[in-house]
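Everything on this sheet refers to the single structure shown next.
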Amino acid sequence: MDKIKLSIVFIICFYSGLFSSNLLYAADIGSQKDDYDLGRVVVISDRWGKPEYRLGSNVSVIDKKKIEESGANNVADLLAGEPSINVSSYSQTRKNTFLDIRGFGEASPTNVLVLVDGRRINQIDISGVDWWQIPAKSVERIEIIRGAASVLYGDNATGGAINIVTKKGEGKLKAKVSSSYGSYNMDAHDTEITGSLDKFSYYFYSRYYDTDGYRDNDNLLSKDFNSRIGFEPDERMKFDLNLGLHTDKYGLPGPLSIANFELLGRRGSAYPNDYAYTKDKYIRLETKVRPLWGSLEMGDFISDITLRKRESYSSLIAFGTNSTTLHDIDSLSITAKYRKELDIFNRNTVFITGLDFYNADDIIESRGYSIDDITITKESKGFFVLLDTEISDDLFLDTGYRMEKNNYVFDQDSPSLRYEEKNPRDSVFSSKLLYNYKVNSNVYLGYEESFHFPATDEWYSIFAATGLNTNLKPQAGKQYELGLKHEFNHKLKANANLYLVDIKDEIFYNPSTYANENYSETRRKGLEAGFEAKPFKWMTFFSNYTYQVPKFRRGDYDGKEIPAVPNNLASLGAKFVFLDYFNLSLNSKYVGSRYLISDQQNQAGKLKHYLTLDSRISYNRESLELFFALNNIFNQRYSEIAVTNSTGTAKNFYPSPERNFVIGINYRF
């Protein structure tokens with residue numbers, strides 16, 4: 001009965017949106033061009049803020065309004081319904097989460113790059129991004145690029161890249177306090193202070209969050225503080241200083257086998273004493289200068305330096321033995337770029353070049369299953385150059401080249417003394433052609449190469465007999481893309497995108513050896529499509545669909561599908577504004593069946609598909625907002641993640657939350 005209810009809701013929303021779209025197209029073709037926003041900027045596309053009409057790739061933006069209306073606690077929840085993105089979590093809090101773009105499955109943490117204000121937050125180990133450390137309420141907008149972005153950013157950007165832009169101070173002194181309460185004894189409090197004074201701007205944000213979690217031993221207690229201070233002495237010079245501090249402690253409920261389900265129930269835990277904690281702090285300074293040489297504009301010089309220290313600790317049962325692991329990571333990043341606009345044959349050309357330097361030390365201490373002490377240092381140096389050329393009024397060509405060299409140092413004290421260095425390097429090229437055939441409508445064609453260098457614990461695994469495997473090679477890829485964006489009128493727009501990705505020497509986890517290895521060839525192909533319709537000011541419909549097929553080619557798993565990747569992803573939503581002060585949103589998400597993690601042989605059967613419906617209603621007037629969110633309305637029982645072994649005989653599940661609610665208040669003064 002629950003499935004029938006969800007299907008009815010999904011069908012009604014879809015055909016309501018489609019019906020509205022057809023009406024809009026028939027009644028309003030070619031009208032109101034002055035409503036178009038040609039100036040919207042997407043920073044991530046090329047590291048300088050390219051206008052949308054010059055974007056030759058599948059890029060989208062989640063703006064401030066959508067973020068505020070969502071009521072999400074973290075950025076992963078905001079991204080869950082976006083095209084071609086699959087978010088899977090080991091816990092209700094999204095603390096341990098992997099976000100996949102274009103079908104990388106469990107390897108997505110090292111193949112999707114995430115930046116906050118241009119600052120890389122991917123760690124050098126396979127833990128990837130700690131999504132819980134990015135509070136949604138401190139975010140101004142999120143920029144998503146699907147597909148390879150290695151030319152722009154280097155490592156980790158194989159499947160895509162996400163740039164999260166945080167809020168900054170402006171205007172008079174303002175403050176906002178928020179409190180929310182919800183299922184599983186969730187208690188959260190946020191405070192932000194923002195404003196500007198003469199040439200200074202300031203933004204301060206803090207968050208306290210506490211929950212028991214959906215399952216036993218799924219508790220989380222976290223504290224965050226972020227600040228952003230700007231100084232602009234004149235129109236040709238800007239400074240931006242960011243500081244951040246995060247601490248948390250949380251339980252690790254672990255997986256449930258079929259026998260555990262029967263004995264403990266879906267909310268139980270077979271690992272009641274496993275836990276972990278995180279301490280993370282950073283400081284970042286960005287400088288922007290636009291000098292003059294007499295009356296000659298010299299272009300833009302931008303530099304960025306970031307220092308970060310992260311400590312993560314876990315204590316868990318592994319193979320029946322209590323095992324503890326400590327990662328202590330110190331990292332330094334320095335980036336510098338130069339941008340200059342040129343007129344060549346009366347056509348605008350943007351020239352960008354830059355240097356990237358990253359250095360990180362990962363000190364690993366493990367006790368229990370084995371005794372390990374090893375320090376892995378990674379130093380990366382990259383050079384890139386980009387040219388964005390206006391060929392005609394409607395035709396643009398974007399080309400780029402990047403060369404990157406990495407130096408790894410492995411300094412091991414136990415279980416044996418070992419010192420070794422590796423110096424992998426690679427270079428990549430990209431070319432994209434964009435044609436604007438009408439206002440806010442275009443077709444584009446792109447080719448982009450990519451690379452990924454091994455992460456710390458891709459080189460090294462405490463569970464593998466080999467321990468340190470320095471025979472790994474960097475993976476290299478090629479991507480082909482064809483896309484269309486069409487705006488029927490100012491109330492209806494749609495898009496479609498086809499892609500093909502071939503990767504050689506892809507790094508994947510082999511459950512038979514408990515080690516990471518290179519696989520000779522993989523291929524991913526897919527379709528991404530969506531539409532948005534706004535028939536009235538008080539009504540909006542949106543939908544997107546992704547079909548993806550990721551497969552191993554040749555080798556031991558020739559023709560098998562890559563695990564943990566659903567072939568079908570879809571989302572459908574509607575927003576309504578009524579009685580001036582009330583907002584109602586409905587969001588439905590479908591995730592298709594997929595093979596279990598570690599099932600490269602496709603022999604354990606598929607994890608069941610699921611379809612959920614979430615809602616949020618808010619009352620917003622002057623300085624006060626009251627809201628109520630009801631998630632998983634029809635109480636679907638599903639798991640986002642399940643794992644098997646090399647023989648496919650064991651099945652272990654991480655159950656996702658049932659129906660739950662959040663109620664809260666935001667007050668601005």
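Numbers here are sequence positions counted from 1.
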Quiz question: by atom type and distance under 3.5 Å, do the side chains of [X] and [Y] form a donor-acceptor pair?
X    : Y    : value
Y203 : E170 : no
N660 : N631 : yes
S571 : N544 : yes
H452 : N111 : no
R146 : S60  : yes

Excluding sequence neighbours, so at least two apart, what forms salt bridge (Lys or Arg N to Asp or Glu O under 4.0 Å) with R659?
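Expected list: none.
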For K651, give me all partners under salt bridge (Lys or Arg N to Asp or Glu O under 4.0 Å), at least two apart in sequence or on another chain.
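Listed in chain order: nothing, the list is empty.
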Would you call [X] and [Y] a salt bridge, taking side-chain N to carboxylate O under 4.0 Å as the test?
X    : Y    : value
R141 : E143 : yes
E140 : K168 : no
E286 : R284 : yes
E192 : K137 : no

Within 45° of the six-membered ring axis of Y581 and under 6.0 Å from that ring's centre, is NZ or CZ of R621 located there?
yes
Is it true that the NZ or CZ of R120 lies under 6.0 Å from the centre of Y358's six-membered ring and within 45 degrees of the ring axis?
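Yes; both conditions hold, so R120 lies above the ring face of Y358.
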Taking only residues two or more places apart in sequence, or in another chain, which ones meet [X] in a side-chain contact (heavy atoms from CB on, under 4.5 Å)?
X    : value
N122 : L113, V114, V129, N156
D77  : A72, N74, R94
E625 : R616, S618, N620, N666, R668

Minimum side-chain heavy-atom gap [X]-[Y] below 4.5 Å:
X    : Y    : result
L256 : L264 : yes
N273 : Y271 : no
F582 : F576 : no
I67  : L78  : yes
R367 : T325 : no
L611 : S588 : yes
T194 : K167 : no

[X] side, atom [atom1]; [Y] side, atom [atom2] - distance, nearest 0.5 Å:
X    : Y    : atom1 : atom2 : answer
I164 : D117 : CD1   : CG    : 9.0 Å
L613 : I633 : CG    : CD1   : 4.0 Å
L243 : N226 : CG    : CG    : 9.0 Å
K64  : I142 : NZ    : CD1   : 13.5 Å
L79  : T97  : CG    : OG1   : 11.0 Å
S179 : D190 : OG    : CG    : 8.0 Å

Please report the closest heavy-atom contact between [X] and [Y], naming both atoms and the distance.
X    : Y    : answer
Y184 : G213 : CB-O, 3.4 Å
A574 : F542 : N-CE2, 4.0 Å
V591 : P566 : CG1-CG, 3.9 Å
N260 : A270 : OD1-CB, 4.0 Å
L99  : I85  : CG-CG2, 3.8 Å
S222 : H246 : CB-CE1, 4.1 Å

Quick check against the 3.5 Å criterion: does [X] have a side-chain atom that pairs as donor or acceptor with the backbone of [Y]?
X    : Y    : value
R267 : Y214 : yes
R308 : I121 : yes
R228 : T166 : yes
D614 : L586 : no
T644 : A650 : yes
S656 : E640 : yes
E528 : S84  : no
S269 : P253 : yes
R119 : S333 : no
S593 : L607 : no

Quick one: do W131 and V87 satisfy side-chain contact (heavy atoms from CB on, under 4.5 Å)? Show the steps, please.
CA-CA 11 Å; W131 292 99; V87 177; over 6 Å; no
Would you check, one step at a time, whether the test side-chain hydrogen bond (donor to acceptor under 3.5 Å, both in side chains) holds for Q133 with D280?
CA-CA 9 Å; Q133 288 187 222; D280 201 332; 3.2 Å; yes
Does [atom1] belonging to [X] count more than 12 external heavy atoms closer than 6.0 Å?
X    : atom1 : value
K281 : NZ    : no
K66  : NZ    : yes
K176 : NZ    : yes

Out of D248, D130, D328, which one pairs with R310 under the salt bridge (Lys or Arg N to Asp or Glu O under 4.0 Å) rule?
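The single option meeting the salt bridge (Lys or Arg N to Asp or Glu O under 4.0 Å) with R310 is D130.
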So, applying salt bridge (Lys or Arg N to Asp or Glu O under 4.0 Å) with K378, which one of D362, D330, D361, D155 is it?
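Single pass found, and it is D155.
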Which word best sums up how the rings of Y514 and Y509 line up, parallel for under 30°, tilted for 30 to 60°, or perpendicular for over 60°?
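Ring orientation of Y514 relative to Y509: tilted.
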Would you please classify the geometry between the Y313 ring and the Y275 ring as parallel, tilted or perpendicular, with 30° and 60° separating the classes?
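The rings of Y275 and Y313 sit tilted, inter-plane angle from 30° to 60°.
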Report the residues that fulfil ring-ring contact (aromatic ring centres under 6.0 Å, His included) with Y90, sequence neighbours left out, ordered by chain and then residue number.
Y654
Residue pair W132, Y209: steps toward the ring-ring contact (aromatic ring centres under 6.0 Å, His included) verdict:
CA-CA 10 Å; W132 189 251; Y209 186 93; 4.5 Å; yes
Assess whether side-chain contact (heavy atoms from CB on, under 4.5 Å) is satisfied between Y205 and R207, documenting all intermediate values.
CA-CA 7 Å; Y205 173 85; R207 176 181 68 172; 3.5 Å; yes
